[in-house]
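Remarks on the structure that follows.
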Amino acid sequence: MKTIKFLNTLAIALPIILLLIAIGINDSAGNYISYALYSTMITGAIQLLLGLIILIKEPRNKYIIVYFLVVIAFFSLWYFNVKIIYSDLLTFTLFPIPFVLAIYLSILIYKKEKL
């Protein structure tokens, strides 16, 4: 569990560090800001893998099952919004969900280590 916690912390810290570098060096071209934005996709991929590892270890954990149900719902709604019917309301509703999922999985990981 310590390895999962370390990888999660690294995944969460990567975009923040890149954004702080951009602010610190006054990145007027926006290179580090774009790196920070791209690294959020890496954070999401790492967190999906970590969630899958936890799900494999504990298949009856209802909290991790809820995490994956929300992930599946997010990607399904995103696909529906892009390919079938575009809705600004749905786009703005989906926008904060990855951030909320990252916080939710992080809380699960950090609470799990304390148990």
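Note that the numbering runs from 1 along the sequence shown for the chain.
At a threshold of 4.5 Å between side-chain heavy atoms, the hydrophobic network of Ile, Leu, Val, Met, Phe, Trp and Tyr places Phe80 and Ile72 in two separate groups. Hydrophobic cluster membership is shared by Ile4 and Val66, with clusters built from Ile, Leu, Val, Met, Phe, Trp and Tyr side chains linked at under 4.5 angstrom. In the hydrophobic clustering of ILVMFWY residues, with side-chain heavy atoms under 4.5 Å counting as a link, Leu48 and Ile42 come out together. Linking Ile, Leu, Val, Met, Phe, Trp and Tyr residues whenever their side-chain heavy atoms come within less than 4.5 Å leaves Leu10 and Ile46 in two separate clusters. The hydrophobic clustering, which links ILVMFWY residues whose side-chain heavy atoms are closer than 4.5 Å, places Ile17 and Phe99 apart.
Screening Leu49, Leu108, Ile109 for a side chain to side chain contact (heavy atoms under 4.5 Å, CB included) involving Ile54 leaves a single residue, Ile109.
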Report the C-alpha distance between Leu55 and Asn61 in whole Å, list the side-chain angles of each, state the deciding distance to 0.1 Å, and finish with yes or no for side-chain contact (heavy atoms from CB on, under 4.5 Å). CA-CA 7 Å; Leu55 183 64; Asn61 186 334; over 6 Å; no
How far apart are the C-alpha atoms of Val71 and Phe75, what are their side-chain angles, what is the distance that settles it, and do they pass the side-chain contact (heavy atoms from CB on, under 4.5 Å) test? CA-CA 6 Å; Val71 168; Phe75 281 109; 3.8 Å; yes
Decide side-chain contact (heavy atoms from CB on, under 4.5 Å) for Leu105 and Ile64; before the verdict, give the C-alpha distance in whole Å, the side-chain angles of both, and the deciding distance to 0.1 Å. CA-CA 8 Å; Leu105 185 65; Ile64 201 72; 3.7 Å; yes
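Between Lys5 and Tyr110, the shortest heavy-atom contact is CE-CE2, 3.0 Å. Here the closest heavy-atom approach between residue Ser106 and residue Gln47 is recorded as OG-NE2, 3.4 Å. Nearest approach of Tyr104 to Tyr63, heavy atoms of both residues: OH-O, 3.1 Å. Scanning both residues, Leu52 and Phe68, for their nearest heavy atoms gives N-CZ, 3.3 Å. Of all heavy-atom pairs spanning Ser39 and Leu14, the tightest one is CB-CD2, 3.8 Å. Minimum heavy-atom separation, Leu19 to Ala36: N-CB, 3.9 Å.
Summarising the geometry, atom CG belonging to Asn8 is positioned 9.0 Å from atom CE belonging to Met1; distances are rounded to the nearest 0.5 Å. Note that the CG atom of Asn26 and the CD1 atom of Ile21 stand 14.0 Å from one another [nearest 0.5 Å]. The line from CG of Leu101 to OH of Tyr67 is 5.5 Å long, rounded to the nearest 0.5 Å. Atom CG of Asp88 is separated from atom CG of Asn81 by 8.5 Å, given to the nearest 0.5 angstrom.
Between the side chain of Thr43 and the main chain of Ile12, no donor-acceptor pair closer than 3.5 Å is present. Using modelled atom types, no side-chain atom of Tyr86 and backbone atom of Thr91 make a donor-acceptor pair closer than 3.5 Å.
Phe92 and Phe95 have their aromatic ring centers separated by at least 6.0 angstrom.
Residues passing the side-chain contact (heavy atoms from CB on, under 4.5 Å) test with Leu94, sequence neighbours excluded: Phe74, Leu77, Trp78, Leu90, Ile97.
Atom OH of Tyr32 has 12 or fewer neighbouring heavy atoms from other residues, nucleotides or ligands inside a 6.0 Å radius.
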